[in-house]
Enquirer: 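Here it is: the structure, laid out below.
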Amino acid sequence: MACRATKTPLLLLLLLLSVPSEKAKAAVSETRENSFTIETTVMVDATPASAWRDLTRVSLWWDPAHTWSGSAKNLKLEPKAGGCFCEKLADGGSVQHGRVVFAQPGKMLRLQAALGPLQGMAVTGVLSFTLSPDGPGTRVTMTYRVAGALTMESAKLAPLVDQVLGTQLNRLRDFASGRPAGP
């Protein structure tokens, strides 16, 4: 349906205001034969303490299309060393996506996590979220390092993983900034 600017200036303004101000600045920073590193940064319109709180409420912002159960409501993250980033499945099943190895509220969250299809490969993944104050908001940098017996060339796999994790970080940014977390 076409909109006429003369009849819908408010609608146009609302549409422009609903567009996120900045997409995640994602980059595959390194690929080697059996490893890759991804680093992505976003700005969150919240304090580090608030951004941390929202980061750990993963069931509220994670894309349900990237869960085993089809529902982000089944995700849980315990933000303490040894804590589980887990998902409940039907019929009493469960998935451990990762295990927290470092948690410093408002500053750093690090997990050992072979996410999604990487879980079926003989690889180790280290997923880190670094939060730092930046003006009135918080800079959130996500770094994901994967190494091991990849079943696909790292140069082909890394951009796919980067796309999925970049989407997740954008959803976190939107949720923590008070905007809807993605479509």
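Note that the structure is a prediction, hence the values are computed from the model and not measured.
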Enquirer: May I ask you to check whether Thr41 and Thr141 show a side-chain donor-acceptor distance below 3.5 Å?
Expert: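 Present: a donor and an acceptor within the cut-off.
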
Enquirer: Closest approach of Arg110 and Ser128, non-hydrogen atoms and distance?
Expert: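 Reported closest heavy-atom pair: NE-OG, 2.7 Å.
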
Enquirer: Could you check Thr124 against Val146 for side chain to side chain contact (heavy atoms under 4.5 Å, CB included), going step by step and ending with a plain yes or no?
Expert: CA-CA 6 Å; Thr124 298; Val146 176; over 6 Å; no

Enquirer: Are Leu150 and Met152 close enough that some pair of their side-chain heavy atoms sits under 4.5 Å apart?
Expert: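 In short, these two side chains do not touch, never coming nearer than 4.5 Å.
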
Enquirer: Donor-acceptor check, side chain of Thr67 to backbone of Ala72, threshold 3.5 angstrom: yes or no?
Expert: no

Enquirer: Within a strict 4.5 Å, meaning less than it, do heavy atoms of the Leu115 and Leu165 side chains meet?
Expert: yes

Enquirer: Does any non-hydrogen side-chain atom of Leu60 lie less than 4.5 Å from one of Arg171?
Expert: no

Enquirer: Identify the two heavy atoms, one from Ala149 and one from Val123, that lie closest to each other, and give their separation to 0.1 Å.
Expert: N-CG1, 3.8 Å

Enquirer: Are any non-hydrogen side-chain atoms of Val42 and Asn170 less than 4.5 angstrom apart?
Expert: yes

Enquirer: Does Arg173 come within less than 4.0 Å of Asp45, counting only side-chain N to carboxylate O?
Expert: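 No, no charged N to carboxylate O under 4.0 Å.
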
Enquirer: Are the side chain of Tyr144 and the backbone of Thr40 linked by a donor-acceptor contact shorter than 3.5 Å?
Expert: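 No.
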
Enquirer: Taking C-beta and beyond as the side chain, do Phe129 and Leu169 meet within less than 4.5 Å on heavy atoms?
Expert: yes

Enquirer: Enumerate, atom names and distances included, each donor-acceptor pair closer than 3.5 Å involving a side-chain atom of residues 49-59, sequence neighbours excluded.
Expert:
{"unit_1": "Ser50", "atom_1": "OG", "unit_2": "Arg53", "atom_2": "NH2", "d": "3.4"}
{"unit_1": "Asp54", "atom_1": "OD1", "unit_2": "Arg57", "atom_2": "NH1", "d": "2.9"}
{"unit_1": "Thr56", "atom_1": "OG1", "unit_2": "Trp52", "atom_2": "O", "d": "3.4"}
{"unit_1": "Thr56", "atom_1": "OG1", "unit_2": "Arg53", "atom_2": "O", "d": "2.9"}

Enquirer: So do Val28 and Val161 actually touch side chain to side chain, heavy atoms under 4.5 Å?
Expert: no

Enquirer: Side chains of residues 92-109: which donor-acceptor pairs under 3.5 Å do they make with residues two or more places apart or in other chains?
Expert:
{"unit_1": "His97", "atom_1": "NE2", "unit_2": "Glu87", "atom_2": "OE1", "d": "2.7"}
{"unit_1": "Arg99", "atom_1": "NH2", "unit_2": "Gln112", "atom_2": "OE1", "d": "2.6"}

Enquirer: Distance-only, no hydrogens or angles: does the Ser177 side chain make a donor-acceptor pair with backbone N or O of Asp174 under 3.5 Å?
Expert: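 No.
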
Enquirer: Is it the case that atom CD in Glu153 sees more than 12 heavy atoms from other parts of the structure closer than 6.0 Å?
Expert: no

Enquirer: Taking the side chain as C-beta and beyond, is there a heavy-atom pair between Asp63 and Gln168 under 4.5 Å?
Expert: yes

Enquirer: Evaluate the side-chain proximity of Trp62 to Phe175: yes if any heavy-atom separation is below 4.5 Å, no if none is.
Expert: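 No, side chains not in contact.
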
